[in-house]
Undergrad: 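The structure follows.
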Protein chains: 2
Amino acid sequence: MPYSAEHKQNSREQILRGAMTLFSRKGFANVSIDEVMAEAGMTRGAFYAHFKSKSVLYAEAVMFAALNSQIVTQLNADDTELSWFARVVDGYLDISHVDETVSPCPLAFLATDVASSDPEVRRAYTEVYKGLVKLFDQHRPPRLKKSDPDLNLAITALMIGGVAVSRALHDKTLVKKLLSSCRSVAHRLAQGR
Amino acid sequence: MPYSAEHKQNSREQILRGAMTLFSRKGFANVSIDEVMAEAGMTRGAFYAHFKSKSVLYAEAVMFAALNSQIVTQLNADDTELSWFARVVDGYLDISHVDETVSPCPLAFLATDVASSDPEVRRAYTEVYKGLVKLFDQHRPPRLKKSDPDLNLAITALMIGGVAVSRALHDKTLVKKLLSSCRSVAHRLAQGR
DNA sequence: GTCTATAGAAAGATAGAC
DNA sequence: GTCTATCTTTCTATAGAC
C-alpha cells in the first residue's frame, strides 16, 4: 500500500476542514465537491475514497466544525465562571464571527440550511447543539440552575439567532447595534437579572 | 391582448405564493423554477414573463412572505399593548410555526440561506427585519423605550433564533423545551424585568 | 489513494408557436 | 401570457489507469 493510514487521515482532515469553511460560507447546495477537493489540494476523483456521498460529508463537517469552533477551543482557560461566560458570549456575538474572521460556528451559520437536509445531518446538528447547551450548563452558577433549568436554551438561541440574522443583514450599522444588544441581554440573563 | 392586466397580476401572485412556501421549506437552491411554476399551476416557460431571473423572484418572495406572515396579519387587533406582544411572541415561537402549519416567517426560515445570496435578496431581508423591529417598537410600553432603546433587536433575534434552531433539531422533546424557554425569556424582557 | 475521463441527471434561461 | 422544445451549463457519482 503506497499510502499510509496516517496519510489517509490527513487527507480526510483536509477535506473536512475545507468543507467546513465552504459549507458555512455558502451553504450545502452552493458548494460543489470540486470546490471542496480543490480547497483540500486534491481533485474530484479522490473524494469517494473518503466519504460515501456529499450528504455524509455534510454531517461529518458539522461535527468537525463544532470541534474547531472558537467556543470549544476557549474551553480550558482557568478563570472564573462568570468571565468564562462573558468571554464566550462576547466572542460569539462579535463582528469577527459574523465576518468569518474566526472559525465559524455551524449552529449559527447553517441553521436553516440544516433544517432542509437529511435526517443524518439534522442528527449531527442536534448533537452539536446539545453539546453547546451542556457546556453552558457546566459553567453556570449553581444558585441559578434550580430557578430556571432551561434558561440556557434561550441564551444559546439568542446567540445563534443574533449571529444568523447579522449575517443576513445588509446594513452594517444595524448589525453592530444588533450584536451589541444581544451581548447585553445575554449577560443580563446569565447573571439571573 | 388576450390576457388582462388583472390576469397577469393574479398569475404573478400565484407564483409568489408558491415560491414563498417552497423557498421557506427547502431553501433557495433546492427549489427549481419547474417546481414553483407547477405549484402556481403553470409551466416553466411562463416564468420569465413575470420575473427576470430566479434571484429576482427570491428577493420579491421574501418581501411577499413578510406581508403574509402571521405577525403582520395579527397587527390590527385592538387589545392592550401587552397582550399584543404576548400574542405575537407566543404565536411566533409556537410549534405550529416550526412545523409550517401557519404561514412561515422568512426571517426565521431563510436566515442563513439569505446570508449567502445576492445583495438584492439581503436588502429585501434587511427591509423586512427593520419592519419587524419597527412594529415591536410601536407596541412597546413608552416607559421602557428610554432605558434600553435597542432591546427589541435582541428580542427579535431571540425569536428568530428560537424558530430557526428548532427547525434544525431532530429531537422533538428538546424543541418543545427550547420554544418554551424562548417564550418565557421574551416575555420577561418585554416587561422590563 | 489519487488521478483523468466520462456517464447521466438536473436545472436556468431562451426561442418560437399559439 | 403561456405553452413546448431546446440550448447550455453544472454537478454528482462511477470507471479505469497509475
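Computed from a predicted structure; not experimentally measured. Lettering of chains follows the sequences in order, A, B, ..., and the numbering in each one begins at 1.
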Undergrad: Sequence neighbours excluded and cut-off under 3.5 Å, please list the side-chain donor-acceptor pairs for residues 98-107 of chain A, or say none.
TA:
residue   : atom : partner   : partner atom : Å
Asp99(A)  : OD1  : Lys172(A) : NZ           : 3.4
Glu100(A) : OE1  : Arg25(A)  : NE           : 3.1
Ser103(A) : OG   : Asn68(A)  : O            : 3.2

Undergrad: Could you run down nucleotides 9-16 of chain C 5' to 3' and tag each one B, S or - for protein heavy-atom contact under 4.0 Å?
TA: --SSBB--

Undergrad: Of all residues at least two apart in sequence or in a different chain, which pass the side-chain hydrogen bond (donor to acceptor under 3.5 Å, both in side chains) check with Tyr58(A)?
TA: Asp113(A)

Undergrad: Answer with yes or no whether the hydrophobic clustering places Tyr48(B) together with Met42(B); edges join I, L, V, M, F, W, Y residues whose side-chain heavy atoms lie under 4.5 Å apart.
TA: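 Yes, one cluster joins them.
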
Undergrad: Rounded to whole angstrom units, what separation is found between the OH atom of Tyr58(A) and the C1' atom of dT12(D)?
TA: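 For the pair Tyr58(A) OH and dT12(D) C1', the rounded distance is 17 Å.
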
Undergrad: Ion pair present between Arg17(A) and Glu13(A), side-chain N to carboxylate O less than 4.0 angstrom?
TA: yes

Undergrad: What is the distance, rounded to the nearest whole Å, between atom CE of Met37(A) and atom C1' of dT4(C)?
TA: 14 Å

Undergrad: For residues 176-185 of chain B, which side-chain N or O atoms pair as donor and acceptor with protein atoms under 3.5 Å away, sequence neighbours left out?
TA:
residue   : atom : partner   : partner atom : Å
Ser181(B) : OG   : Asp150(A) : O            : 2.8
Ser181(B) : OG   : Ala154(A) : N            : 3.4
Arg183(B) : NH1  : Leu93(B)  : O            : 2.8

Undergrad: Looking at dT2(D), dG1(C), dC3(C), which one has an atom nearest to any side-chain atom of Ala49(A)?
TA: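 Closest nucleotide among those given: dG1(C).
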
Undergrad: State, without any angle test, whether Asp118(A) and Ser55(A) hold a side-chain donor-acceptor pair at a distance under 3.5 Å.
TA: yes

Undergrad: For Phe109(A) and His97(A): C-alpha separation, side-chain torsions, deciding distance, then whether ring-ring contact (aromatic ring centres under 6.0 Å, His included) applies.
TA: CA-CA 10 Å; Phe109(A) 277 60; His97(A) 188 194; 5.4 Å; yes

Undergrad: Is it the case that Lys54(B) places NZ or CZ above or below the six-membered ring of Phe28(B), under 6.0 angstrom from the centre and within 45 degrees of the axis?
TA: yes

Undergrad: Taking only side-chain nitrogens and oxygens of Thr43(A), does any of them come within less than 4.0 Å of OP1 or OP2 of dT2(C)?
TA: no

Undergrad: I want to check something: taking the side chain as every heavy atom from C-beta on, are Phe47(A) and Asp34(A) in contact at a cut-off of under 4.5 Å?
TA: no

Undergrad: Rounded to whole Å, how long is the line connecting atom OH of Tyr3(B) with atom P of dT2(D)?
TA: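 Whole-Å distance recorded here is 6 Å.
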
Undergrad: Atom NE2 of His50(A) to atom P of dT14(D): distance rounded to whole Å?
TA: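 Going from NE2 in His50(A) over to P in dT14(D) covers 15 Å.
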
Undergrad: Looking only at heavy atoms, which two atoms of Arg122(B) and Thr126(B) are closest? And how far apart?
TA: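 Heavy atoms only, the tightest pair is O-OG1, 2.7 Å.
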
Undergrad: Rounding to 10°, can you tell me the angle the first-five-pair axis of the helix from dG1(C)-dC18(D) to dC18(C)-dG1(D) makes with its last-five-pair axis?
TA: 0°

Undergrad: Closer than 3.5 angstrom, by distance alone: can the side chain of Lys145(B) be matched with the main-chain N or O of Asp137(B) as a donor-acceptor pair?
TA: yes

Undergrad: Expected output is a numbered-order residue list: members of residues 8-19 of chain B with a heavy atom under 4.0 Å from any atom of DNA chain D. What is it?
TA: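 Residues of residues 8-19 of chain B that come under 4.0 Å of DNA chain D are, in numerical order, Lys8(B), Ser11(B).
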
